[in-house]
Amino acid sequence: MGLFDKFKSLLFGKGDVSEGTQDEKPVASKQEPVASKQEEPVSAKHEAPVTKAEPADMKVEQKPIIQKPKEEKPVADKITVGHVHMSGCTGCLVSLADNYEGLLTILDKYADLVYCLTLADVRHIPEMDVALVEGSVCLNDECSMEEILETRERAKIVVALGGCACYGNTTRFCRGGQQNQPQHEAFLPIGDLIKVDVYIPACAPTPQQIRNVCLMAYLLLKGNDEQKALATAYLTPLMNLAAAGTEACGCDLMTEVINQGLCCGCGSCAAACTVRAITMQYGRPQVERDLCIKCGACYAQCPRSFFSFDVCGQYESITNLIGEVMKP
Ligand code: SF4
Ligand code: SF4
């Protein structure tokens, strides 16, 4: 049974009537040849009568009405994931949902969503394996400050999801003075307040990248040795990015890539910039600083920034692994 069918039957009950109902069977049996008087009486109430003259391959097939469910992974094997919403726009959560059926596969087999104010009625941050934190933290909001500290306490792996959580993004430009909370004027990326394990930069990050990080966290915590090694290879560059700091700007390309003689003119940075602050001129990126919203996507996407042989060397194995675990 496909995921859609499962979802449908969960919502509306088992609506497939194509296999016939019990009421239909007596009608069908009326059309069959009447058994001769010498035949033994048929004892089973639901078995179609079979005459001695009837060839075996003419038997009416008895399809079980309740089909044996497909073998599922036990729930205990799943990891627990929470989405913590700080000062963000929910775009990162939408990006996670943009995995469509892939998200259902993850929730079906690998992760329980134990906290997400947008989607679930759980009011307090529980213990969890992975916290996907979206948004920066308002220093003038006591609740937000408590929430981010609680998140760190209760999550094994804290992931900064999106440019705001990683680098502040558009909230870097907040100056307060707006109704109805004019005193809310200072915002910081979560890495300035707690230790963050993994970064997923960009505004918003791609659905695939969020999905991959969730899968890799699962394999890291529940997988076999080989899977753990591949998950570590995948996550290491994103962990290095988290360790590198909380500042990002299009200028990083200039100071860290172009000025170091590393730029190959591939244009990945321009393609990654959601606000089109980068144009390619003479084969090199030109950043319009007034347009830059400090999301960090360009530097993260640049193949010459935190290039990792671990990932590139195992690209095929990692891709195959993702394909294998994402089979519905
Ligand atoms: S130049 Fe574009 S991609 Fe780079 S940090 Fe600024 S907004 Fe983000
Ligand atoms: S992505 Fe990196 S290597 Fe490619 S053009 Fe931009 S700065 Fe240069």
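The pair Asp98-Arg211 does not count as a salt bridge, with every side-chain nitrogen at least 4.0 angstrom from each carboxylate oxygen.
Under a hydrophobic-cluster definition in which Ile, Leu, Val, Met, Phe, Trp and Tyr are linked whenever side-chain heavy atoms come within less than 4.5 Å, directly or via other members, Ile210 and Leu241 are assigned to different clusters. In the hydrophobic cluster analysis, where Ile, Leu, Val, Met, Phe, Trp and Tyr join through side-chain heavy atoms closer than 4.5 angstrom, Leu161 is grouped apart from Tyr115. Both Val213 and Leu93 are assigned to one and the same hydrophobic cluster, defined by single-linkage of ILVMFWY side chains at heavy-atom distances under 4.5 Å. Val198 and Val84 are assigned to two separate hydrophobic clusters, defined by single-linkage of ILVMFWY side chains at heavy-atom distances under 4.5 Å. In terms of hydrophobic clustering, with Ile, Leu, Val, Met, Phe, Trp and Tyr side chains grouped at heavy-atom distances under 4.5 Å, Met86 and Val122 are assigned to a common cluster.
Taking a 6.0 Å sphere around CD of Glu142, one finds it holds 12 or fewer heavy atoms contributed by other residues, nucleotides or ligands. Atom CG of Asp225 sits in a sparse spot, with 12 or fewer heavy atoms from other residues, nucleotides or ligands closer than 6.0 Å. Within a 6.0 Å radius of CD in Gln183, other residues, nucleotides and ligands contribute more than 12 heavy atoms. Heavy-atom neighbours of Glu316 CD from other residues, nucleotides or ligands within 6.0 Å: at or below the threshold of 12.
In terms of heavy atoms, Phe306 sits closest to Ala300 at CE2-O, 3.3 Å. Arg172 and Pro189 get closest at one heavy-atom pair: NH2-CG, 3.4 Å. Heavy atoms only, all atoms of each residue included: Asp197 and Val158 are closest at OD2-N, 2.7 Å. Closest non-hydrogen pair, Ala277 versus Leu291, comes out as CB-CB, 3.7 Å. Nearest heavy atom pair, residue Leu253 against residue Cys302, reads CD2-CB, 4.3 Å. The shortest heavy-atom contact between Lys156 and Asp129 is NZ-OD1, 2.9 Å.
Between the Gln314 side chain and the Val311 main chain, no donor and acceptor come within less than 3.5 Å of each other. Side-chain atoms of Thr171 never come within 3.5 Å of backbone atoms of Ser136 as a donor-acceptor pair (strictly under, hydrogens ignored). Of the possible polar contacts, none joining the Ser95 side chain to the Gly91 backbone as a donor-acceptor pair under 3.5 Å is found. Between the side chain of Arg152 and the main chain of Ile194, no donor-acceptor pair closer than 3.5 Å is present. Judged purely by atom type and a 3.5 angstrom limit, Glu150 has no side-chain atom pairing as donor or acceptor with the backbone of Ile125. In terms of modelled atom types and a separation under 3.5 Å, the side chain of Tyr199 and the main chain of Gly245 share a donor-acceptor contact. Judged by distance alone, with hydrogens and angles left aside, the side-chain atoms of Arg289 form no donor-acceptor pair with the main-chain N or O of Gly250 at under 3.5 Å. For Asp252 (side chain) and Cys249 (main-chain N/O), a donor-acceptor pair under 3.5 Å exists by modelled atom type. Within the 3.5 Å criterion, the main-chain N or O of Val325 finds a donor-acceptor partner in the side chain of Tyr110. Here the side chain of Asn99 pairs a donor or acceptor atom with the backbone of Leu96 at under 3.5 angstrom.
Taking the side chain as every heavy atom from C-beta outward, Met145 and Val137 approach each other to under 4.5 Å. When side chains are defined from C-beta on, Glu288 does not count as touching Val275, because their heavy atoms never get closer than 4.5 Å. By the 4.5 Å heavy-atom criterion applied to side chains, Ile106 and Leu215 are counted as neighbours. The closest side-chain heavy-atom distance from Cys166 to Ile200 is not below 4.5 Å. Glu256 has its side chain within reach of Tyr299: a pair of non-hydrogen atoms, C-beta onward, lies under 4.5 Å apart. Looking only at side-chain heavy atoms (C-beta outward), Pro201 and Tyr167 come within less than 4.5 Å of each other. Within the 4.5 Å cutoff, the side chain of Thr80 has no heavy atoms near those of the Val130 side chain.
Taken from CZ in Phe187 to CG in Asp141, the straight-line distance is 8.5 Å, to the nearest 0.5 Å. Expressed to the nearest 0.5 Å, how far CD of Gln208 lies from CE of Met326 amounts to 10.0 Å. To the nearest 0.5 angstrom, Leu188 atom CG is 12.0 Å from Ser144 atom OG. A distance of 12.0 Å separates NZ of Lys222 from CG of Leu219, quoted to the nearest 0.5 Å. Annotation: the span from Ser87 atom OG to Ile148 atom CD1 amounts to 10.0 Å, rounded to 0.5 Å. For the atom pair Ile318 CD1 and Gln227 CD, the distance stands at 12.5 Å (nearest 0.5 Å).
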**OP:** Apply side chain to side chain contact (heavy atoms under 4.5 Å, CB included) to Met216 and Tyr234, showing your working.
**Re:** CA-CA 7 Å; Met216 292 304 158; Tyr234 183 92; 3.5 Å; yes

**OP:** Please step through side chain to side chain contact (heavy atoms under 4.5 Å, CB included) for the pair Cys203 and Ile293, ending with a clear verdict.
**Re:** CA-CA 9 Å; Cys203 180; Ile293 55 170; 4.1 Å; yes

**OP:** Please step through side chain to side chain contact (heavy atoms under 4.5 Å, CB included) for the pair Leu132 and Cys116, ending with a clear verdict.
**Re:** CA-CA 10 Å; Leu132 301 171; Cys116 178; over 6 Å; no

**OP:** For the pair Arg175 and Glu185, evaluate side chain to side chain contact (heavy atoms under 4.5 Å, CB included) and give the outcome as yes or no after the intermediate values.
**Re:** CA-CA 5 Å; Arg175 298 291 179 266; Glu185 59 183 15; 5.9 Å; no

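When each of Asp112, Val114, Asp108 is paired with Lys78, the side chain to side chain contact (heavy atoms under 4.5 Å, CB included) condition holds for Asp112 and for no other. With Cys269 as the partner, the side chain to side chain contact (heavy atoms under 4.5 Å, CB included) test is satisfied by one option alone out of Ser305, Pro303, Pro285: Pro285.
Between Thr90 and His85, the side chains place a donor N or O and an acceptor N or O closer than 3.5 Å (distance only, hydrogens not considered).
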